[in-house]
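From a predicted model like this one, the values you see are computed outputs, not experimental measurements.
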Amino acid sequence: MSKKIYVVEDNDTMRLGIVETLNREGYVVLSFDNGPEAIESFTKNPSDVAVLDLKMEPLNGIQVLEKLKELNSNLEVLIISAYGTVQDAVKAMQLGASDFLTKPFSPEELRVRIKKLLEKIENNKRIETLLEQNQLLSEEIGEKYNKLIGQSEKVNSLLNLINQVASNDSTCLIQGESGTGKELVARELHYGSSRKNQPFVKVNCGALNDNLLESELFGHEKGAFTGAVKRKKGRFELAHKGTLFLDEIGDISQAMQVKLLRVLQEGEFERVGGEETIDVDVRIVAATNKNLEKMIYEDKFREDLFYRLSIIPITVPPLRERKDDIPLLANYFLNKYSTNPNASKKMFEEDSLKILEAYSWPGNIRELQNIVERLSVISPNEIISADLVNNQLNRNSNFHDNFDKLPLEEAVFSFEKNLISQAMKKCDGVKNRAAKMLGISTSVLYYKLEKFGFMK
């Protein structure tokens with residue numbers, strides 16, 4: 001299907017030249033010698049690209065740009081002018097122009113600029129499609145999320161507390177060591193509440209700097225900063241009527257703590273670069289592996305924010321305190337990773353499970369899951385032997401014992417390589433998904449995959 005382009009230029013010779021150049025490229029061109037007629041036509045027959053002359057009567061290019069943008073906020077506009085100045089270009093860009101071209105220009109330069117605008121449109125459409133797909137995937141995952149697994153006294157007490165407070169809209173603070181399953185607790189709270197059919201939205205506060213976190217939480221207006229090409233809703237808006245899970249809340253700066261406190265107190269905020277006050281109805285569930293009381297004493301965490309967050313405190317026990325659950329969890333993960341339809345299901349021998357129970361699990365459930373996945377892959381037999389389990393646990397134990405003895409660069413290298421490897425496995429090798437999970441750009445992930453030798 002041919003692309004449709006509006007051309008508004010009051011110089012007949014220039015307008016005819018632009019139309020001829022674009023027609024040769026197979027574009028459908030609607031040309032006008034004044035702004036009002038173009039706007040009237042655009043109202044009934046819009047397009048995604050427009051070429052506007054800056055100096056026109058009765059409306060100049062900036063005025064036409066504003067009117068067309070009101071009709072289609074995603075419109076890509078190329079401003080052209082023989083009297084171009086830096087100030088004109090800046091103003092046009094601020095109002096939503098995509099590019100600025102000074103007359104005279106060659107047909108080839110015009111073709112290149114238009115091609116770039118069309119490529120940008122296609123990229124934006126692909127991104128929007130991916131976002132919609134990701135949203136659908138998130139909803140599907142939400143319906144099938146993993147529940148807390150366990151039958152120990154501590155897990156039963158935790159589940160009883162969750163059932164008791166899930167239907168209440170009070171803010172919850174989930175505390176516990178890394179890898180204990182704090183996100184699962186947050187999901188239990190959400191899906192056990194009256195908000196279960198509304199969004200469950202997660203933000204990893206520790207993975208973003210202040211500027212990115214503010215934009216992620218509150219959204220931003222177009223032009224709020226470099227790269228803000230259009231308005232973006234923040235996680236608070238996306239979680240309206242649902243639950244917002246603030247993971248790693250202990251990692252946010254004091255400046256961000258002040259902004260978050262205001263939303264918790266007043267239920268309102270403004271997007272970055274915006275003036276409109278937005279009201280939201282969101283239940284907040286926060287989580288941290290840090291000792292916030294100690295951080296308050298050290299003046300690193302606001303006491304008023306702590307009390308706002310911890311109306312209902314929930315502590316998730318470490319795996320070493322719920323050893324009765326280890327065989328249940330180990331078998332659950334083994335069944336999860338034994339997915340080869342042409343192979344027999346693998347099983348732990350009795351002594352293997354005893355060895356797993358005796359281990360201290362400094363990495364908690366996340367470490368257990370990692371070990372079981374590894375065992376399911378490397379075990380040559382259907383029955384996973386005690387010797388193989390012992391060997392793998394010794395390897396993990398040596399890593400934990402020696403981690404603080406490694407040079408900083410080597411320790412960081414080892415940790416980062418392992419983290420990326422796990423993300424790629426969880427995302428079935430899909431790099432875009434792995435990058436999103438890790439909180440980095442796809443280009444950075446490609447660089448790290450090459451750095452760690454994952455790409456041959």
Undergrad: Under 3.5 Å, is there a donor-acceptor pair between the side chain of Gln257 and the main chain of Arg302?
TA: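 Checked: pair present.
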Undergrad: Walk me through it: do Ser98 and Glu76 pass the test side-chain hydrogen bond (donor to acceptor under 3.5 Å, both in side chains)?
TA: CA-CA 6 Å; Ser98 307; Glu76 302 293 340; 2.3 Å; yes
Undergrad: Would you find a donor on one side and an acceptor on the other, under 3.5 Å apart, between the side chain of Lys346 and the backbone of Ile383?
TA: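 Absent.
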Undergrad: Should Asn381 and Ser379 be marked as a side-chain hydrogen bond (donor to acceptor under 3.5 Å, both in side chains) after you check the CA-CA gap, both sets of side-chain angles, and the distance that decides it?
TA: CA-CA 5 Å; Asn381 304 311; Ser379 176; 5.5 Å; no
Undergrad: Please identify each residue that fulfils side-chain hydrogen bond (donor to acceptor under 3.5 Å, both in side chains) with Asn364, with sequence neighbours left out.
TA: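 side-chain hydrogen bond (donor to acceptor under 3.5 Å, both in side chains) check on Asn364 returns Glu177.
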Undergrad: If every non-hydrogen atom of Met424 is compared with every non-hydrogen atom of Lys431, which pair is closest and at what distance?
TA: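 Scanning both residues, the minimum pair turns out to be CE-CG, 4.0 Å.
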Undergrad: Show the nearest heavy-atom pair for residues Pro199 and Ala239, with the distance to one decimal.
TA: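 Distance-wise, the nearest heavy atoms are CB-CA, 4.3 Å.
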Undergrad: Under a 3.5 Å distance rule, please check whether Ser215 uses its side chain to pair with a backbone N or O of Leu212 as donor and acceptor.
TA: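 Between the backbone of Leu212 and the side chain of Ser215 there is no qualifying donor-acceptor contact (under 3.5 Å).
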Undergrad: Taking the side chain as every heavy atom from C-beta outward, state whether Thr243 and Val201 have any pair of such atoms under 4.5 Å apart.
TA: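 Counting from C-beta outward, Thr243 and Val201 never come under 4.5 Å.
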Undergrad: In Å and rounded to the nearest 0.5 Å, what is the CG to CD distance from Asn291 to Glu298?
TA: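 Nearest 0.5 Å value for the CG-CD distance: 8.5 Å.
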Undergrad: Can you name the one residue among Glu216, Glu237, Glu221 that meets salt bridge (Lys or Arg N to Asp or Glu O under 4.0 Å) with Lys232?
TA: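 The residue from Glu216, Glu237, Glu221 that satisfies salt bridge (Lys or Arg N to Asp or Glu O under 4.0 Å) with Lys232 turns out to be Glu216.
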Undergrad: Do Ser253 side-chain atoms and Met256 backbone N/O form a donor-acceptor pair below 3.5 Å?
TA: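 The answer is yes, because a donor-acceptor pair under 3.5 Å joins these two groups.
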Undergrad: Are the side chains of Leu118 and Tyr27 in touch, meaning some heavy atoms are under 4.5 Å apart?
TA: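 A side-chain contact under 4.5 Å exists here.
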Undergrad: So which heavy atom on Leu173 is nearest to which on Ala287, and how close?
TA: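 Looking at all heavy atoms of both residues, the closest pair is CD1-N, 4.4 Å.
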Undergrad: Are more than 12 heavy atoms, taken from residues, nucleotides or ligands other than Glu153, located less than 6.0 Å from that residue's CD atom?
TA: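 Counting neighbours around CD of Glu153, 12 or fewer heavy atoms of other residues, nucleotides or ligands fall under 6.0 Å, so no.
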Undergrad: Going by side chain to side chain contact (heavy atoms under 4.5 Å, CB included), Leu356 matches just one of Leu393, Asp351, Leu329, Asn390. Which one?
TA: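 Single pass found, and it is Leu393.
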Undergrad: Do the side chain of His240 and the main chain of Asp281 share a donor and acceptor less than 3.5 angstrom apart?
TA: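 Checking the backbone N and O of Asp281 against the side chain of His240, a donor-acceptor pair under 3.5 Å is found.
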Undergrad: Which atom pair, heavy atoms only, marks the closest approach of Leu309 to Thr171?
TA: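 Smallest heavy-atom distance, with atoms named: O-CG2, 3.3 Å.
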Undergrad: Could you go step by step and tell me if Leu334 and Leu375 meet the side chain to side chain contact (heavy atoms under 4.5 Å, CB included) rule?
TA: CA-CA 8 Å; Leu334 185 60; Leu375 290 167; 5.8 Å; no
Undergrad: Are Lys120 and Asp48 close enough, and set up right, to give a salt bridge (charged side-chain N to carboxylate O under 4.0 Å, His left out), and what steps lead you there?
TA: CA-CA 11 Å; Lys120 181 180 177 183; Asp48 292 325; over 6 Å; no
Undergrad: Are the side chains of Ile79 and Leu101 in contact, using a 4.5 Å heavy-atom criterion?
TA: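 No. Closest side-chain heavy atoms not under 4.5 Å.
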Undergrad: NZ of Lys222: more than 12 outside heavy atoms within 6.0 angstrom?
TA: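 Atom NZ in Lys222 is crowded, with more than 12 foreign heavy atoms closer than 6.0 Å.
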Undergrad: If we only count heavy atoms from C-beta on, is the Phe333 to Glu373 side-chain gap below 4.5 Å?
TA: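 With C-beta onward as the side chain, the pair stays apart.
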Undergrad: Should we count CE of Met347 as having more than 12 external heavy atoms under 6.0 Å?
TA: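 It does not: Met347 CE has 12 such atoms or fewer within range.
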Undergrad: Check whether any side-chain heavy atom of Leu353 sits under 4.5 Å from a side-chain heavy atom of Ile326, and report yes or no.
TA: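 They are not in contact (no side-chain heavy atoms under 4.5 Å apart), so the answer is no.
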Undergrad: Apply side chain to side chain contact (heavy atoms under 4.5 Å, CB included) to residues Leu184 and Ile149 and explain how you reach the verdict.
TA: CA-CA 10 Å; Leu184 289 182; Ile149 296 172; over 6 Å; no
Undergrad: Of all heavy-atom pairs between Gly242 and Gln198, which one has the smallest distance, and what is that distance?
TA: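 Scanning both residues completely, I find the closest heavy atoms to be CA-CB, 3.7 Å.
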Undergrad: For Arg111, which residues count as a side-chain hydrogen bond (donor to acceptor under 3.5 Å, both in side chains) partner, sequence neighbours excluded?
TA: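 Counting only residues at least two positions away or on another chain, Arg111 forms a side-chain hydrogen bond (donor to acceptor under 3.5 Å, both in side chains) with Glu108.
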Undergrad: Does Thr180 use its side chain to pair, donor to acceptor, with the backbone of Gly176 at less than 3.5 Å?
TA: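 Pair absent, no side-chain N/O of Thr180 close to backbone of Gly176.
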Undergrad: How long is the span from the CD1 atom in Ile365 to the CG atom in Leu148, to the nearest 0.5 Å?
TA: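 Answer for the CD1-CG pair, Ile365 versus Leu148, is 7.5 Å.
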Undergrad: Could you please spell out the steps behind the salt bridge (charged side-chain N to carboxylate O under 4.0 Å, His left out) verdict for Lys154 and Asp325?
TA: CA-CA 10 Å; Lys154 292 219 169 187; Asp325 296 326; over 6 Å; no
Undergrad: Nearest 0.5 Å, please: how far is CD in Glu188 from CG in Leu158?
TA: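 Result: 8.5 Å between the selected atoms.
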Undergrad: Is the number of heavy atoms from other residues, nucleotides or ligands within 6.0 Å of CD (Glu266) greater than 12?
TA: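 Correct, the count exceeds 12.
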Undergrad: Do the side chain of Arg283 and the main chain of Asn168 share a donor and acceptor less than 3.5 angstrom apart?
TA: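 Judged by distance alone, yes, a pair lies under 3.5 Å.
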Undergrad: Measuring from atom CD1 of Ile174 to atom CG of Asn289, what distance do you get when rounded to the nearest 0.5 angstrom?
TA: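 One finds 12.5 Å between CD1 of Ile174 and CG of Asn289.
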Undergrad: Atom CD1 in Ile252, atom CZ in Phe301: separation rounded to 0.5 Å?
TA: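 It comes to 5.5 Å.
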Undergrad: How about Lys67: does its NZ atom have over 12 heavy atoms from other parts shown lying under 6.0 Å from it?
TA: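 Count not over threshold, so no.
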Undergrad: Can you tell me how far CZ of Arg322 sits from CD of Gln151, rounded to the nearest 0.5 angstrom?
TA: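 Spacing of CD (Gln151) from CZ (Arg322) equals 10.5 Å.
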Undergrad: Using 4.0 Å as the upper bound for N to carboxylate O, is an ion pair formed by Glu268 and Arg262?
TA: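 Judged by the 4.0 Å cut-off on N to carboxylate O distance, Arg262 and Glu268 do form a salt bridge.
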Undergrad: For Asp169 and Arg195: C-alpha separation, side-chain torsions, deciding distance, then whether side chain to side chain contact (heavy atoms under 4.5 Å, CB included) applies.
TA: CA-CA 9 Å; Asp169 268 352; Arg195 298 174 181 263; 3.0 Å; yes
Undergrad: Show, in sequence, the C-alpha distance, side-chain angles and deciding distance for Asn370 and Arg374, and conclude whether the side-chain hydrogen bond (donor to acceptor under 3.5 Å, both in side chains) test is met.
TA: CA-CA 6 Å; Asn370 181 275; Arg374 189 188 311 161; 3.0 Å; yes
Undergrad: Measure across Ala330 and Phe348 and return the closest heavy-atom pair with its distance rounded to 0.1 Å.
TA: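 Where Ala330 meets Phe348 most closely, the heavy atoms are O-CE1, 3.6 Å.
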Undergrad: Looking at Ser352 and Ile384, would you say the former's side chain and the latter's main chain have a donor-acceptor pair under 3.5 Å?
TA: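 Checking the backbone N and O of Ile384 against the side chain of Ser352, a donor-acceptor pair under 3.5 Å is found.
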Undergrad: Taking Lys69 for the side chain and Leu75 for the main chain, is one N or O donor matched with an acceptor at less than 3.5 Å?
TA: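 Yes; judged by distance alone, with no hydrogens or angles, the pair exists.
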Undergrad: Got Cys172 and Ile311 here, is their nearest side-chain heavy-atom distance under 4.5 Å?
TA: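 No; the side chains remain at least 4.5 Å from each other.
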Undergrad: Classify the ring geometry of Phe236 against Phe218: parallel below 30°, tilted from 30° to 60°, perpendicular beyond 60°.
TA: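 Plane angle under 30°, so parallel.
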Undergrad: Could you tell me whether a side-chain N or O of Asn335 sits under 3.5 Å from a main-chain N or O of Asn331, the two making a donor and an acceptor?
TA: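 Flag not set: sc Asn335 to bb Asn331 has no pair under 3.5 Å.
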Undergrad: Between Ile249 and Leu260, is a side chain to side chain contact (heavy atoms under 4.5 Å, CB included) present by the stated rule, with each step listed?
TA: CA-CA 10 Å; Ile249 193 68; Leu260 183 58; 3.6 Å; yes
Undergrad: Can you check whether Ile420 reaches Leu449 side chain to side chain, under 4.5 Å on heavy atoms?
TA: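 Of all side-chain heavy-atom pairs linking Leu449 with Ile420, at least one is under 4.5 Å.
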